[in-house]
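Working notes, beginning with the structure itself.
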2 protein chains.
Amino acid sequence: MPKQVDYEGRRRQIAEAVCLLADEHGPEGVTMRDVAARAQVSLGAVQRCFSSKEEMLLFAIDHVGERITERARARLAGSPAQSAATALGHAATEIALLREENRAEARIWLAFVAKAAVNEQLAAPLRTSYASLHDLLARLITEAAGSAPDDEVAAPPDPQREARTLLALADGLTSHVLMGHLPTQEAEDVLHAHLVGLWERLGTTGPRHAV
Amino acid sequence: MPKQVDYEGRRRQIAEAVCLLADEHGPEGVTMRDVAARAQVSLGAVQRCFSSKEEMLLFAIDHVGERITERARARLAGSPAQSAATALGHAATEIALLREENRAEARIWLAFVAKAAVNEQLAAPLRTSYASLHDLLARLITEAAGSAPDDEVAAPPDPQREARTLLALADGLTSHVLMGHLPTQEAEDVLHAHLVGLWERLGTTGPRHAV
DNA sequence: CGGGAAACGATACGGTCGTATCGCAACCGA
DNA sequence: TCGGTTGCGATACGACCGTATCGTTTCCCG
């Protein structure tokens with residue numbers, strides 16, 4: 001029997017290298033040779049892990065999507081005691097990737113979104129990630145609305161639509177920050193103000209403590 | 001004296017070709033040779049108009065930005081008799097590029113936004129376009145708020161922030177439609193619902209007729 | 001322990017890219 | 001009319017890309 005290697009681990013290692021390079025030069029600027037060098041493996045090793053460059057990029061985008069969704073979920077699990085409204089705020093700011101330390105992930109994400117608009121192959125995994133985020137937000141919104149005083153839930157807004165709004169707003173803000181149209185602080189203000197409005201519409205008083 | 005040609009006209013002609021190709025394959029998939037073929041000029045002619053590919057792309061993105069901004073302004077000028085709230089709705093839907101016939105422009109725009117997140121050179125003209133759109137929206141919002149009954153303008157929301165929110169939401173919706181996460185109809189619903197909320201916050205009753 | 005299958009990594013290959021070059025044609029002014 | 005400046009476009013060039021190939025090394029298992 002031949003030698004055995006941890007392919008899955010190496011694929012992840014290579015995906016990390018793809019992300020680093022895509023962050024620096026955009027996904028089109030990612031070359032197999034650069035990926036191999038960054039991941040500290042040979043070009044041949046990269047070729048053995050992925051049968052083509054396209055497949056490598058597909059794996060990388062899935063990798064990033066899972067990381068973002070997972071982090072949003074983890075942030076939620078990390079503060080379970082607070083209200084649904086607070087959780088919603090945390091999830092939204094997490095998704096918007098506005099913090100400086102998430103700038104790289106945001107650039108990668110935006111780059112792949114743009115590519116997906118032209119390449120149906122890339123669009124599929126992105127849609128999966130977005131559907132997952134949408135579900136998460138919609139669930140939180142429904143939950144937050146449910147915790148409102150009974151006399152206020154006369155006309156609750158459509159949670160699905162509110163989730164779509166929030167998700168689109170977060171994405172738009174992210175791209176505006178990335179291209180330097182908005183400073184991070186203003187984007188956070190916009191998102192916070194929108195959440196305040198959403199809480200009012202839901203009939204809740206918002207989180208018990210300031211966000 | 002030597003022969004003379006209409007350089008400015010040719011630059012625009014080439015910019016159109018760049019847009020067509022960027023719509024099909026993304027801006028990275030645009031090659032000088034393809035541009036020349038699509039614009040029905042020789043490769044040498046393209047080289048004489050732009051000293052480098054980068055300069056050509058810069059010119060093209062300016063071209064698109066001007067077109068979008070100009071169309072939003074034209075749409076406004078075309079219906080001057082209606083209320084500021086109606087105008088705001090028109091401007092927002094125009095900017096969101098949700099209609100099928102603007103799909104190509106939306107793809108081009110998204111592609112350049114993604115590139116701008118990595119290339120500062122490209123970001124500058126994009127910021128100019130966004131600043132222009134922001135001013136337009138902020139002005140309309142201020143105007144719409146001014147037309148509210150006097151007893152309702154006690155706490156008018158910040159028009160600057162509302163404009164930023166609207167612009168980011170429009171961009172996010174555009175990208176979500178492009179990648180197929182949202183059908184056009186749902187994106188329009190989201191935008192419309194947000195506008196209704198904005199009108200309420202402004203104290204106006206919204207446009208006199210349905211949008 | 002030894003044979004063979006798989007991993008390995010250097011190298012080769014065909015193609016395409018952006019850019020530079022160059023001989024020829026076209027045009028304006030003196 | 002004619003000379004020289006410029007437009008013109010085909011071609012050349014060097015670099016780099018993704019992928020294929022191949023001799024060598026490594027390691028599992030009978």
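Please read these numbers as outputs of a predicted model, since none were measured by experiment. Basis for what follows: all heavy atoms, side chains included, without hydrogens, waters or symmetry-related copies.
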What orientation do His181(B) and His134(A) show, parallel under 30°, tilted 30 to 60°, or perpendicular over 60°?
->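 Correct class here is perpendicular.
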
Aromatic ring pairing Phe50(B)/Phe59(B), orientation class (parallel under 30°, perpendicular over 60°, tilted between) | tilted

When you check every protein heavy atom under 4.0 Å of nucleotides 18-25 of chain C, what one-letter string (B, S, -) results, 5' to 3'?
-> BBB-----

Got a sec? Which of residues 11-24 of chain A come in under 4.0 Å of DNA chain D, heavy atoms?
->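 Those residues: none at all.
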
Could you state the atom-to-atom distance from [atom1] of [X] to [atom2] of [N] in whole Å?
| X | N | atom1 | atom2 | answer |
| --- | --- | --- | --- | --- |
| Asp6(B) | dC8(D) | CG | C1' | 16 Å |
| Gln40(A) | dC8(C) | CD | P | 15 Å |
| Arg48(A) | dT21(D) | CZ | P | 14 Å |

Mind listing the closest non-hydrogen atom pair of Gly29(B) and Asp34(B) along with its distance?
->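 Distance-wise, the nearest heavy atoms are O-OD2, 4.4 Å.
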
So, taking the atom named [atom1] in [X] and the one named [atom2] in [Y], what distance separates them when rounded to the nearest 0.5 Å?
| X | Y | atom1 | atom2 | answer |
| --- | --- | --- | --- | --- |
| Leu126(A) | His176(B) | CG | NE2 | 10.0 Å |
| Leu202(A) | Leu88(A) | CG | CG | 8.0 Å |
| Ile95(B) | Leu169(B) | CD1 | CG | 11.5 Å |

Option from Asn102(B), Asp23(B), Thr174(B) for which side-chain hydrogen bond (donor to acceptor under 3.5 Å, both in side chains) with Arg107(B) holds |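 That would be Asp23(B); it is the only one of Asn102(B), Asp23(B), Thr174(B) passing the side-chain hydrogen bond (donor to acceptor under 3.5 Å, both in side chains) with Arg107(B).
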
Decide if atom CD of Glu101(A) counts as having more than 12 heavy atoms of other residues, nucleotides or ligands within a radius under 6.0 Å.
-> yes

So what does Tyr7(A) touch, heavy atoms closer than 4.0 Å: a base, only the sugar-phosphate, or nothing?
->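 Result for Tyr7(A) = sugar-phosphate.
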
